[in-house]
Protein chains: 2
Amino acid sequence: MTAIKSGLNGAHKAAIRQENEEQILAAAELVFADYGFKGATTARIAEIANVPKANVHYYFSTKEALYRRIMEDICDHWLEAAMTFENSSDPAEILRGYIEAKMDLSRARPHGSRVWAHEIIRGAKFSSDYISTTVKNWLDSRVVVINRWITEGKMDKVEPYSLMYMIFATTQHYADFARQIEIFNNDQPLSDTQFAEAKENVVRIILKGVGLS
Amino acid sequence: MTAIKSGLNGAHKAAIRQENEEQILAAAELVFADYGFKGATTARIAEIANVPKANVHYYFSTKEALYRRIMEDICDHWLEAAMTFENSSDPAEILRGYIEAKMDLSRARPHGSRVWAHEIIRGAKFSSDYISTTVKNWLDSRVVVINRWITEGKMDKVEPYSLMYMIFATTQHYADFARQIEIFNNDQPLSDTQFAEAKENVVRIILKGVGLS
DNA sequence: ATTTATCTTGACCGTTTGGTCAGGTTAAAA
DNA sequence: TTTTAACCTGACCAAACGGTCAAGATAAAT
């Protein structure tokens, strides 16, 4: 029956485990995105994952363990987008690629962005170590790159951190504040066309704003 | 004793009421900013306000009533900043004034911005009516103004909503993600000088980005 | 066929939650 | 001085919370 339900056939036990973990993780991401760590409940996660609450605790010992796992997954995806900052020589091309990658991530995985937003708004209690090491190192090295572009006269003299914060804020806004945007858009989620237009506008305004077009 | 504690003398009862309400409201704003509506607890609010929990319920019947009151106060301040969009003829001057007002609001009242962020991230359950009427009307009328500027050739042809979202996102980022910025800034909150520089950078990039400088 | 390891879950536990209330204190009005 | 209306709060309650557990079901290994 489980094989039928899950559509799997071979090593049942392993498949069941994977399926249940995935279902619980997906539900947890959604619930943490809505309510943050403290406001989320394991009962609600179990309900959405369609498993008994005790089963959630069978696969993930505690609510905190589940939350940390979700944060890890989010950081993995974050690093993907971060990579688009590498391996190119044209500043405009690099910045455009990075902004587009972050916009696409907000579109494809909005829940992850919202979990991250909750985490930071509350004071980064679980992730301050990760931010002050991995993320800060990544950011600081990009700041060096931007400063080099400025020195080389390739772009305007702007404070690199301010620029990066603007990119973070604007791209993540399309995930975190999607509901507000939807209301402004006559209670309709942005269509693919509208989103593509928004993405192009964001890229154009920022590139021109720093003298890269 | 209450008169001594509050430093008031005349109509004690009224003064006591005002003092306690203010203390509870300030505590509630902070706790809602940290945890959102669901994650916040009345016990924690009482603790920070330095009153017994029962006293919180004496002044504000329910947690929801207290939350709605906080949201109202935030919207009032929001409208203040919104007003800077009026009464001027120079687009650059208007946009600069609005961005600076929003940046200053993020600096002066970061908790309010964070409460608002929680509210929207969760899906605007309490405020969708307010957004779809008051806020949307305000936004749509500014969009008309921006489109007129474009028609008159005063600025680049940009999608006005994308521009406004960029301003919302970037300015509020300095309140909502203050903790992340602090970590990037070597665990130091932005100094007044740093914040002023950030504000000027935001203004400069956006104005130039839309062809207003 | 039997054992073993994993998966499943209703029932339960101690704690925390939002909210209530009776009985008290205080200050203004009569 | 007495009365009255507002303020104060420890103690309490039912519900919801994160987490546990024993007992059963299932599937792989022997």
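Source: prediction; values computed, not measured. Letters go in sequence order (proteins before strands), and every chain restarts at 1.
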On DNA chain C, more 5' by nearest nucleotide between B:A14 and B:T41 is B:T41
Distance check needed: [N] [atom2] versus [X] [atom1], whole Å only.
{"X": "A:H57", "N": "D:dA22", "atom1": "NE2", "atom2": "C1'", "result": "17 Å"}
{"X": "A:E64", "N": "D:dG19", "atom1": "CD", "atom2": "C1'", "result": "14 Å"}
{"X": "B:L66", "N": "C:dG18", "atom1": "CG", "atom2": "P", "result": "11 Å"}
{"X": "A:N20", "N": "D:dA25", "atom1": "CG", "atom2": "P", "result": "19 Å"}
{"X": "A:E21", "N": "C:dT8", "atom1": "CD", "atom2": "C1'", "result": "15 Å"}
{"X": "B:F60", "N": "C:dT20", "atom1": "CZ", "atom2": "P", "result": "16 Å"}
{"X": "A:Y35", "N": "D:dG18", "atom1": "OH", "atom2": "C1'", "result": "17 Å"}
{"X": "B:E19", "N": "D:dA6", "atom1": "CD", "atom2": "C1'", "result": "17 Å"}

NA contact type, A:A40, heavy-atom cut-off 4.0 Å: base, sugar-phosphate, or nothing? sugar-phosphate
What class does the angle between the rings of A:Y165 and B:F184 fall in, given that below 30° is parallel, 30 to 60° is tilted and above 60° is perpendicular? parallel
Give me the ring orientation class for A:H118 and B:H118: parallel if the planes are under 30° apart, tilted from 30 to 60°, perpendicular past 60°.
tilted
From the set [options], return the single nucleotide nearest to any side-chain atom of [X].
{"X": "B:P52", "options": "D:dG18, D:dT9, D:dC8", "result": "D:dT9"}
{"X": "A:K53", "options": "D:dG10, D:dC7, D:dG19", "result": "D:dG19"}
{"X": "B:T62", "options": "D:dG10, C:dG19, D:dC7", "result": "C:dG19"}

Think [X] has a side-chain N or O under 4.0 angstrom from the OP1 or OP2 of [N]?
{"X": "A:Y58", "N": "C:dT8", "value": "no"}
{"X": "B:N55", "N": "D:dG10", "value": "no"}
{"X": "A:R17", "N": "C:dT6", "value": "no"}

(Q) Tell me if the side-chain of B:K63 makes a donor-acceptor pair with the base of C:dG19, cut-off 3.5 Å, by modelled atom types. (A) no
key: No-hydrogen, no-angle side-chain donor-acceptor test under 3.5 Å, B:Y67 and B:E119   = yes
Notebook entry, point to check: Do A:Q194 and A:N185 get their side chains close enough for a donor-acceptor pair, meaning under 3.5 Å?
Noted result: yes
Quiz item: Any ion pair linking A:R96 and A:E100 (charged N to carboxylate O, less than 4.0 Å)?
Solution: yes
Of B:Y59 and A:K38, the one whose closest nucleotide on DNA chain D sits nearer the 5' end is B:Y59
